[in-house]
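Order of appearance sets the numbers: ligands from 1, and atoms from 1 within every ligand.
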Amino acid sequence: MSLPLEGKVAVVTGASRGIGRTDALVLAAAGADVVVTDILIEDDERLEETSEKIGPVAQVMAYSKKVYTRSTAEEIKKMGRRSAAFRMDVTDKKEVHDVMAQIKEQFGRIDILVNNAGTLDHTARFEHQNDAFWERDLRVNLTGAYNCCQAVWPYMKEQRWGRIINMSSVAGTLGGFGQASYATTKAGLLGLTRTLALEGARYNITVNAIIPGIINTEAFQMTNPEMRERMIARTAFKRPGEPEDIAHAIAFLASDQAGYITGIGLPVAGGIDLFTF
Ligand SMILES: NC(=O)c1ccc[n+]([C@@H]2O[C@H](COP(=O)([O-])OP(=O)(O)OC[C@H]3O[C@@H](n4cnc5c(N)ncnc54)[C@H](O)[C@@H]3O)[C@@H](O)[C@H]2O)c1
């Protein structure tokens, strides 16, 4: 029996670690050829300089050598799939269009786009919202997804098949204390998702969002421990989700079997929005 994503080409953004890296591996295990992209690449001579521009989590990851963009692509090749790693800053429209064109040239098509790149490291009450982080969060989380969707849209339209999956957050649906900029971008992504779902249907392009709760990634582990405990206590399971929980939902939404599902925000949140006490 063939694997559900055999013959498909997927691009994952922000895949140097965490959820994005796991998405890439799970999509490959489901049969797809997967292109691993991130602004951080382990052998890039600009790595440390770039990480300083992004923010505190990126800096820690770069300096502690926890950047796995190229090694994830190598892992995928060992699984027998085609793969490649590309430096792609989602905020740089020209770079996004150039990289997507190179992927299309090299892999022949782009079927699946996972807009995962995101920034999760600015938490401050609204009166202390930092202007530079407000701009950065909008640029990476929202404009970044917009840039990537625009770049792949003509390819998906031409081949009359496409799957776009955007990473929202419960911060976008429920609000997030101290997360004004982040929550705003994650709510905005739901508007983009529904609008592109309406416009993409005629070309057989589905556009959906995942709404993760709290997921046990390196970025989550770097949050304040007391805050982390309070967040975990809000889930029905009393534990965070794992990156695989997100990746399996993405693999399903990317499959032919999910062809009639579009415009949804799928919570993968362990019941964080339920009335637990
Ligand atoms: N971990 C959670 O609890 C959680 C909850 C809800 C939503 N999410 C969302 O899931 C996604 C991944 O989360 P994570 O915990 O793995 O985060 P993470 O910080 O570990 O990963 C984010 C990735 O995005 C990359 N990135 C940052 N700026 C970029 C840019 N300009 N261009 C390209 N790549 C860039 C980073 O280098 C990193 O690899 C994010 O969109 C996040 O908002 C995560």
*Of all the heavy atoms in Arg139, does at least one lie under 4.0 Å from an atom in ligand 1?*
no
_Just so I know, are the side chains of Ile76 and Leu25 near enough to count as touching, which here means a heavy-atom distance under 4.5 Å?_
yes
*Strictly under 4.0 Å, does any heavy atom of Met88 approach an atom of ligand 1?*
yes
*Inspect the contact between Glu74 and Arg70 and indicate whether a charged nitrogen and a carboxylate oxygen are less than 4.0 angstrom apart.*
no
*Should one rank Asn116, Ile39, Asn141, Thr91 by closest heavy-atom distance to atom 35 (C) of ligand 1, which comes out on top?*
Ile39
*Going by heavy atoms in the side chains, are Phe86 and Gln106 under 4.5 Å from each other?*
yes
_In this structure, does ligand 1 have an atom that sits under 4.0 Å from one of the heavy atoms of Leu40?_
yes
*So is Ser168 in contact with ligand 1, going by heavy-atom distances below 4.0 Å?*
yes
_Contact check, Ala171 vs ligand 1, heavy-atom distance below 4.0 Å_ = no
Name the atoms and distances for all side-chain donor-acceptor pairs under 3.5 Å in residues 188-197, with sequence neighbours left out.
| from | atom 1 | to | atom 2 | distance (Å) |
| --- | --- | --- | --- | --- |
| Thr193 | OG1 | Asn166 | ND2 | 3.0 |
| Thr193 | OG1 | Leu189 | O | 2.6 |
| Thr195 | OG1 | Gly191 | O | 2.9 |

*Which is it for Val140 and ligand 1 at heavy atoms under 4.0 Å: side chain, backbone, both or neither?*
side chain
*Do NZ/NE/NH1/NH2 and the carboxylate oxygens of Asp33 and Lys77 come within less than 4.0 Å?*
no
*Any idea which part of Thr217 is under 4.0 Å from ligand 1, heavy-atom wise: side chain, backbone, both or neither?*
side chain
*Is there a heavy atom of Glu218 sitting under 4.0 angstrom from any atom of ligand 1?*
no
